[in-house]
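Both ligands and their constituent atoms are indexed starting at 1 by order of listing. In this text, all values refer to a predicted model and were calculated from it rather than measured experimentally.
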Amino acid sequence: MVYEITRDLPLADVEVETPMGKSTQKMIAGKKLAVIPILRAGLGMVDGVLQLIPAAKVGHIGMYRDEETLKPHEYFVKLPSDIDQRDLFIVDPMLATGGSANMAIEALKKRGAKHMRLVVLVAAPEGVKEVQKEHPDVDIYAASLDEKITENGYIFPGLGDAGDRLFGTK
Ligand SMILES: O=P(O)(O)OC[C@H]1O[C@H](OP(=O)(O)OP(=O)(O)O)[C@H](O)[C@@H]1O
Ligand SMILES: O=c1cc[nH]c(=O)[nH]1
Ligand SMILES: [Mg+2]
């Protein structure tokens with residue numbers, strides 16, 4: 001998936017030394033990047049993204065969904081100081097109602113960020129629509145577009161609560 005989300009980034013030729021000699025290869029260049037996980041579940045995607053773009057900085061946005069209302073609540077924001085100059089990859093495995101993603105995008109725009117894309121593993125059509133309505137400038141990359149959201153707010157078929165599954169909290 002990281003190949004897809006970085007496909008359009010500018011490249012530059014760089015000379016590398018292999019055990020056999022010199023070789024000219026391509027490297028991502030000309031853009032400062034940052035990965036922004038939405039806590040907690042987004043943390044599970046950071047290492048994978050950094051494997052391909054190790055020079056990216058990491059900013060964190062803490063968000064939890066109220067289990068009754070399904071409304072998101074922001075509890076933490078810590079970003080690279082030059083966030084306004086970076087292209088951002090917001091990562092979160094789950095895009096359900098879209099409330100958390102929209103709030104994260106607003107938090108970033110409020111602090112000067114201009115270029116960002118949203119990278120999720122499982123998306124519900126309702127969430128995609130909601131983010132596209134509020135932030136048409138933000139492209140969404142989803143590994144899977146699932147059927148719907150259940151009445152208790154889970155993506156169906158989805159995979160359950162990604163954060164709890166990742167960290168063993170339930
Ligand atoms: O699109 P939405 O309806 O807003 O739902 C998606 C959000 O819900 C989950 O986080 P959760 O609130 O469970 O927090 P956690 O990652 O700490 O478990 C998930 O990781 C998203 O951030
Ligand atoms: O199905 C869902 C919906 C929101 N958050 C999750 O972790 N899973
Ligand atoms: Mg959770």
Problem - Beyond-backbone contact of I140 with Q132, side-chain heavy atoms, under 4.5 angstrom - result: yes
Practice task
Would you mind listing which atoms of ligand 2 come within a distance below 4.0 Å of any non-hydrogen atom of A96?
Solution key: 3 (C), 4 (C)
Problem - atom 22 (O) of ligand 1 - nearest protein heavy atom and its distance - result: D92 OD2, 2.4 Å
Handout entry: Closest protein heavy atom to atom 14 (O) of ligand 1, given as residue, atom name and distance to 0.1 Å
Key = M63 O, 3.8 Å
Practice task
Provide the number and element of each atom of ligand 1 under 4.0 Å from a heavy atom of T97.
Solution key: 1 (O), 2 (P), 3 (O), 4 (O)
Problem - Donor on one side chain, acceptor on other, K31 and H115, under 3.5 Å - result: no
Handout entry: K57 and I83, any side-chain heavy atoms less than 4.5 Å apart
Key = no
Exercise for the section: Could you check atom 6 (C) of ligand 1 against the protein and tell me its nearest heavy-atom contact, residue, atom and distance included? Expected result: M94 O, 3.5 Å
Handout entry: Protein heavy atom under 4.0 Å of atom 10 (O) of ligand 1
Key = no
Exercise for the section: Using the side chain to side chain donor-acceptor pair (under 3.5 Å) rule, pick out the option among T6, D137, D139, D8 that qualifies with R117. Expected result: D8
Practice task
Around atom 17 (O) of ligand 1, find the nearest protein heavy atom and jot down its residue, atom name and distance.
Solution key: R40 NE, 2.7 Å
Exercise for the section: Give yes if a backbone or side-chain nitrogen or oxygen of Y75 is under 3.5 Å from a nitrogen or oxygen of ligand 1, and no if not. Expected result: no
Problem - Pairing of K26 and D13 as salt bridge, 4.0 angstrom limit - result: yes
Practice task
Using distance alone, decide if ligand 2 has a nitrogen or oxygen within less than 3.5 Å of any nitrogen or oxygen in A162.
Solution key: yes
Handout entry: Test: R40 and D164 ion pair at under 4.0 Å
Key = yes
Problem - Per-atom contacts of ligand 1 with Y64, taking only distances under 4.0 Å to non-hydrogen atoms - result: 12 (O)
Exercise for the section: Classify the contact between D161 and ligand 1 as side chain, backbone, both or neither, using a heavy-atom distance cut-off of under 4.0 Å. Expected result: side chain
Practice task
May I ask which of A124, G158, G160 has a heavy atom nearer to atom 8 (N) of ligand 2 than the others do?
Solution key: G160
Handout entry: Nearest protein heavy atom under 4.0 Å from atom 19 (C) of ligand 1, yes or no
Key = yes
Exercise for the section: Could you find the nearest protein heavy atom to atom 1 (O) of ligand 2 and give me its residue, atom name and distance? Expected result: I155 N, 2.8 Å
Problem - Polar proximity ligand 1 side, A96 side, N/O cut 3.5 Å exclusive - result: yes
Exercise for the section: Would you mind checking if K109 and E106 are paired as a salt bridge, meaning a charged N to carboxylate O distance below 4.0 Å? Expected result: no
Exercise for the section: Report yes or no: does D161 have an N/O/S atom closer than 2.8 Å to the Mg ion (ligand 3)? Expected result: yes
Fill in the blank from the handout: Of D146, V122, T150, the one forming a side chain to side chain contact (heavy atoms under 4.5 Å, CB included) with P157 is D146
Practice task
Using distance alone, determine whether A41 and ligand 1 share an N or O pair under 3.5 Å.
Solution key: yes
Handout entry: Atoms of ligand 1, numbered as shown, that sit under 4.0 Å from any heavy atom of L39
Key = 16 (O)
Exercise for the section: Could you tell me whether M94 and ligand 2 have an N or O pair separated by under 3.5 Å? Expected result: no
Handout entry: Within-shell test, P93 vs ligand 2, heavy atom, strictly < 4.0 Å
Key = no
Practice task
Check L118, D92, L79 against I36 for a side chain to side chain contact (heavy atoms under 4.5 Å, CB included) and give me the one that passes.
Solution key: L79
Exercise for the section: Please say whether more than 12 non-hydrogen atoms of neighbouring residues, nucleotides or ligands are located less than 6.0 Å from NZ in K114. Expected result: yes
Handout entry: Cationic N near anionic O, under 4.0 Å, D87 to K32
Key = no
Exercise for the section: For the pair D82 and R86, find out whether any cationic side-chain nitrogen is under 4.0 Å from an anionic carboxylate oxygen. Expected result: yes
Handout entry: Sub-4.0 Å atoms of ligand 1 with respect to non-hydrogen atoms of R65
Key = 2 (P), 3 (O), 4 (O), 5 (O), 8 (O), 12 (O)
Practice task
Run the numbers for me: atoms of ligand 2, each under 4.0 Å from some heavy atom of G153, listed by number.
Solution key: 3 (C)
Exercise for the section: Indicate yes or no: at least one non-hydrogen side-chain atom of M1 is less than 4.5 angstrom from one of V119. Expected result: yes
Problem - Proximity flag R65 to ligand 2, non-hydrogen atoms under 4.0 Å - result: yes
Practice task
Could you tell me whether the side chain of H60 reaches within less than 4.5 Å of the side chain of F76, counting heavy atoms only?
Solution key: yes
Problem - L70 N/O under 3.5 Å from ligand 1 N/O - result: no
Exercise for the section: Using modelled atom types only, decide if a donor and an acceptor are shared between the side chain of E126 and the backbone of I149 within a distance under 3.5 Å. Expected result: yes
Exercise for the section: Pick, from A162, A123, S100, the option with the minimum heavy-atom distance to atom 7 (C) of ligand 1. Expected result: S100
